[in-house]
Amino acid sequence: MKAQQILLDSRPEGMPATTNFKLASIPLADINDGEFLVKNLWMSVDPYMRGRMIDRESYIAPFSIGEVLQGGAIGEVIESRHPEFPVGSKVSSMLGWRSHYVTDGSEHTRLPDTPMSESHFLGVLGMPGMTAWTGLNRIAELKKGETLFVSAASGAVGSVACQLGKLMGAKVIASVGSDEKAEHLLSIGVDAVINYKTSQNLTASLKAAAPEGIDVYFENVGGEHLSAALDNMNDHGRIAVCGMISQYNDTAPTPGPSNLAMIIIKKLKIEGFIVFEHWEHYPEFAKQMGQWLASGAVKAEQTVYEGLEQAPDAFIGLFEGKNRGKMVVKLA
């Protein structure tokens with residue numbers, strides 16, 4: 001039996017291209033005692049993967065040239081010699097970007113039976129949802145009655161942050177890159193949405209949307225968005241830094257905002273975070289999120305590409321604004 005895999009064929013310079021990736025086929029070994037064979041059903045593409053394509057030290061090791069890529073995946077056990085993972089089990093892993101693989105079960109989790117698509121464990125019930133919940137609850141400590149600003153608000157993390165902000169009793173201001181995305185966020189209860197691509201002045205647009213100022217900024221973008229947020233923050237505001245997607249494909253150092261003095265003037269708290277350092281709180285998150293999803297209080301959104309060969313296009317689409325909600329690839 002053979003498995004298909006997507007390899008990193010070359011390191012991207014600037015925006016990734018499909019030529020940076022290579023589709024390969026490899027034979028699979030027979031399984032031994034204590035092992036099982038997984039057929040991947042869904043895989044995730046996420047912006048943080050772009051940083052792993054650069055040969056530099058970071059909080060996670062970079063991908064090597066010629067190496068099969070990695071990322072979140074949901075698979076089904078189709079052959080097993082492992083007592084804890086019988087045939088038919090659905091499992092989550094970080095072994096995406098491949099159709100099949102043999103494993104001993106290390107760093108695999110059996111998923112509970114659920115009427116929802118298992119793909120949601122890559123999105124609203126997985127790392128992106130947990131990131132939004134962690135940023136608002138544990139980092140920024142958002143309170144009822146405050147004003148929250150979310151950038152990249154139609155993405156996998158931002159769309160959940162907006163919905164959680166409303167559930168927590170905040171006024172929510174969002175920034176997106178299209179009128180269609182703006183209309184959707186307004187339809188699910190976001191108070192005001194800015195299309196940053198048509199805004200003539202993001203700082204002024206944010207002030208008009210939140211004349212009372214911003215108490216919490218959920219930072220996904222950096223650059224002009226961070227500058228606009230700093231000018232509009234209230235005293236003792238908090239900024240939870242989740243990502244800086246505007247810089248991921250830069251080929252030269254990006255100048256920082258010119259108004260960083262606002263951190264002092266307004267006595268701001270800014271904290272970056274990696275969600276995996278907070279994973280011990282996942283059971284608490286999963287219980288709450290499961291209830292919100294079941295009641296319809298939170299809506300799970302996905303943009304789906306079909307077939308492993310489409311994974312590079314799905315990944316590149318993240319930086320072109322082609323996703324609404326979580327970007328996933330359906331493999332089977």
Side-chain angles (χ1 to χ4, degrees), residues 5-22 43-73 92-98 106-107 122-123 126-135 138-140 151-152 155-158 160-161 217-226 239-257 260 263 269-282 311-312 314-320 323 326-329:
Q5 301 179 336
I6 301 288
L7 313 180
L8 182 64
D9 199 42
S10 60
R11 299 199 183 279
E13 294 289 336
M15 176 70 78
T18 54
T19 52
N20 297 128
F21 305 87
K22 180 180 179 180
M43 60 162 279
S44 172
V45 290
D46 298 283
Y48 81 88
M49 295 174 180
R50 177 64 181 88
R52 295 192 68 187
M53 296 175 187
I54 302 171
D55 189 12
R56 67 182 179 195
E57 185 177 349
S58 186
Y59 65 90
I60 189 169
F63 296 124
S64 299
I65 299 298
E67 176 188 8
V68 59
L69 295 165
Q70 297 177 358
S92 64
S93 76
M94 289 300 292
L95 296 178
W97 298 85
R98 66 202 79 193
S106 300
E107 299 184 355
L122 298 175
M127 182 268 288
M130 176 67 174
T131 300
W133 182 88
T134 300
R138 298 188 54 77
I139 306 300
S151 57
V157 176
V160 178
Y217 174 36
F218 196 102
E219 168 69 294
N220 284 307
V221 175
E224 184 184 4
H225 277 77
L226 178 55
I239 300 176
V241 183
C242 167
M244 298 238 174
I245 196 171
S246 70
Q247 302 175 20
Y248 290 174
N249 295 311
D250 288 349
T251 57
T254 304
L260 290 177
I263 299 171
K269 173 186 174 183
I270 302 180
E271 183 175 349
F273 70 102
I274 305 298
V275 70
F276 297 113
E277 292 188 351
H278 300 265
W279 210 254
E280 70 270 20
H281 300 283
Y282 180 80
F315 175 69
I316 294 167
L318 291 171
F319 304 101
E320 297 174 335
N323 63 304
K326 182 72 187 82
M327 181 81 89
V328 292
V329 182

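Looking at Leu8 and Glu67, their side chains never come closer than 4.5 Å, going by heavy atoms from C-beta outward.
By the 6.0 Å contact criterion, CD on Glu107 is open, its count of non-hydrogen atoms from other residues, nucleotides or ligands being 12 or less. Under a cut-off of 6.0 angstrom, the local environment of CD in Glu320 is crowded, with over 12 non-hydrogen atoms contributed by other residues, nucleotides or ligands.
Within the model, atoms OG of Ser58 and CD1 of Ile274 stand 7.5 Å from one another, a figure rounded to the nearest 0.5 Å. Atom CD1 of residue Ile6 and atom CD of residue Gln70 lie 14.0 Å apart, to the nearest 0.5 angstrom. The CE atom of Met244 sits 10.5 Å away from the OG1 atom of Thr254 when rounded to the nearest 0.5 Å. One distance of note links CG of Leu7 with CH2 of Trp97; it measures 11.0 Å at 0.5 Å rounding. The CD1 atom of Ile139 sits 13.5 Å away from atom CD1 of Ile239, with the distance rounded to the nearest 0.5 Å. Between atom CG of residue Leu69 and atom CZ of residue Phe21 there is a gap of 6.5 Å, rounded to the nearest 0.5 Å.
The main-chain N or O of Lys22 is never found under 3.5 Å from a side-chain atom of Asp9 such that the two would form a donor-acceptor pair. A donor-acceptor distance shorter than 3.5 angstrom exists from the side chain of Ser246 to the backbone of Val221, with no hydrogens or angles considered.
Between the side chains of Asn20 and Ser10, at least one donor N or O lies within less than 3.5 Å of an accepting N or O.
A cation-pi arrangement is absent between Arg50 and Tyr248 under the rule of less than 6.0 angstrom and at most 45 degrees off the ring axis.
In this pair, Trp279 and Tyr282 present their aromatic rings parallel. The plane angle is below 30°, not in the 30 to 60° band.
Scanning both residues, Phe315 and Pro16, for their nearest heavy atoms gives CE2-CG, 3.8 Å.
Using a cutoff of 4.0 Å between basic side-chain nitrogens and carboxylate oxygens, Arg11 and Glu13 are not scored as salt-bridged.
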